[in-house]
Amino acid sequence: MSNKFIPHTSDDIARMLERIGVKSIDDLYAEVPSEVIYKEDYNIPSAMSEIEIRNYFGKLGAKNSQLTIFAGGGAYDHYAPSVVNHLLARSEYYTAYTPYQPEISQGTLQYIFEYQSMIAELTGMECSNASMYDGATATAEAAFMMVASARKKNRVLLSATLSERVIRVVETYAKFHGVDITIAPEKEGVTDLAALRELLASGDVAGIVLPTPNKYGIIEDFSGVADDVHAAKALFAINADPSALAVLRTPAEWGADIACGDGQTLGMPLSFGGPYLGYIACSKAQLRKMPGRVVGATTDADGKRAFVLTLQAREQHIRREKATSNICSNQSLMALYATIYLALMGKQGMVEVNELAADGAHYLCNKLVESGKFTQAFPGKPFLKEFVLHTDMDIDTMNARLAENGIMGGLNLGNGNIALAVTEKRTKEEIDCLIKLMLQD
């Protein structure tokens, strides 16, 4: 056979178009504005040999600058043991893509089960799904879970201290699902709980989403929030950094019904923005509202341990348009990544990751404040690995100077505020170099 993939014939295409009631392939793009359709020839190079293509992309890759990273904002430069990538490629995990046939997908089902168990332990929740695309879409799904549970209520409150990118994604998803999103205001860098209680008193709130740590790196105090939310017959979701949960109070300890967030902090490379990993965990009461796959452990006919999909009646291959879950290609490869990372790090390793990050972040913060050129934007507020400082210096000029010296500086938040992040990868020498460059006039 000359073709590895058999192309469609003209007759195949004509029959498919007739079946869907379209005259031509161009008609499929009729609603796409003509000004955004590329009409020129594609700049695709001619065929190359293997060594030529390797050299070609090697030269392209060499154009990228590898910087020492002190930026955060939802994506962090954490370390992952090199063995993670080697284990990812094992055939029993890597090739068993879809788990609908458990007899041939035990590898996939096993690591999803282990992943669920680890996320449930980190969050303190009773159940976890098989993973989502990223933290922002996972938060949107958490909002839909709360609305589905509330039935007649379709309003969800998002704290203004959530990442702005997360808020925008949730708002986009909500717009097309008929869900009303209201932003609960912030005060002095944390959620304004008094204003939150006033919003809850309206009686039409299905649920709220609060972050830990928040977009400023602050660890917020949610004491009493769960009681207030549940008294209003609403649900409580926490968007949490799963790595930080190794040392912080868990969503379950705060009384949350749902935990969600981005698993990128579990050793995943920044990779110019992905792929990352979204997680959702919940109480048993919300299990049937949770999207995504749920894997359970059982025994086979010979009494041996085996893994299967559970609660399949929720999914699209059974309920079609009425499904709770329409998450099919759910990036479970990244769930496998998180599973291997967590298994290698262990509980003590995760604690040490956060201790090293916290030590470095507080050292950097103290040194910059001691210089007299920076002040804490939110004094007295506890933080772990990320914090915000205020300065009269030109932050863009400062960051340009840092980049020239191989360092990615903090995020310019505007109004003289800069957000800096320190992970366990940053050495004292790197931090001291950053301080010296930042303090230059």
Show, in sequence, the C-alpha distance, side-chain angles and deciding distance for Lys175 and Glu171, and conclude whether the salt bridge (Lys or Arg N to Asp or Glu O under 4.0 Å) test is met.
CA-CA 6 Å; Lys175 177 180 178 180; Glu171 288 177 334; over 6 Å; no
What is the ring orientation for Phe236 with Phe222, classed by angle as parallel under 30°, tilted 30 to 60°, or perpendicular over 60°?
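Rings of Phe236 and Phe222: perpendicular, over 60°.
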Geometric class of the Tyr76/His78 ring pair [parallel <30°, tilted 30-60°, perpendicular >60°]
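It falls in the tilted class, 30° to 60°.
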Looking at Ile51, I want to see if its CD1 is surrounded by more than 12 non-hydrogen atoms of other residues, nucleotides or ligands under 6.0 Å.
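Counting neighbours around CD1 of Ile51, 12 or fewer heavy atoms of other residues, nucleotides or ligands fall under 6.0 Å, so no.
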For a quick check under 3.5 Å, do [X] and [Y] share a side-chain donor-acceptor pair by atom type?
X	Y	result
Asn154	His177	no
Asp77	Thr423	no
Thr265	Ser243	no
Ser202	Arg155	yes
Asp221	Ser223	yes
Ser159	Glu186	no

Phe383/His362 aromatic ring centres below 6.0 Å
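Yes, the ring centres sit under 6.0 Å apart.
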Hey, could you give me the CG/OG1 distance between Asp432 and Thr427, rounded to the nearest 0.5 Å?
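Answer rounded to 0.5 Å: 8.5 Å.
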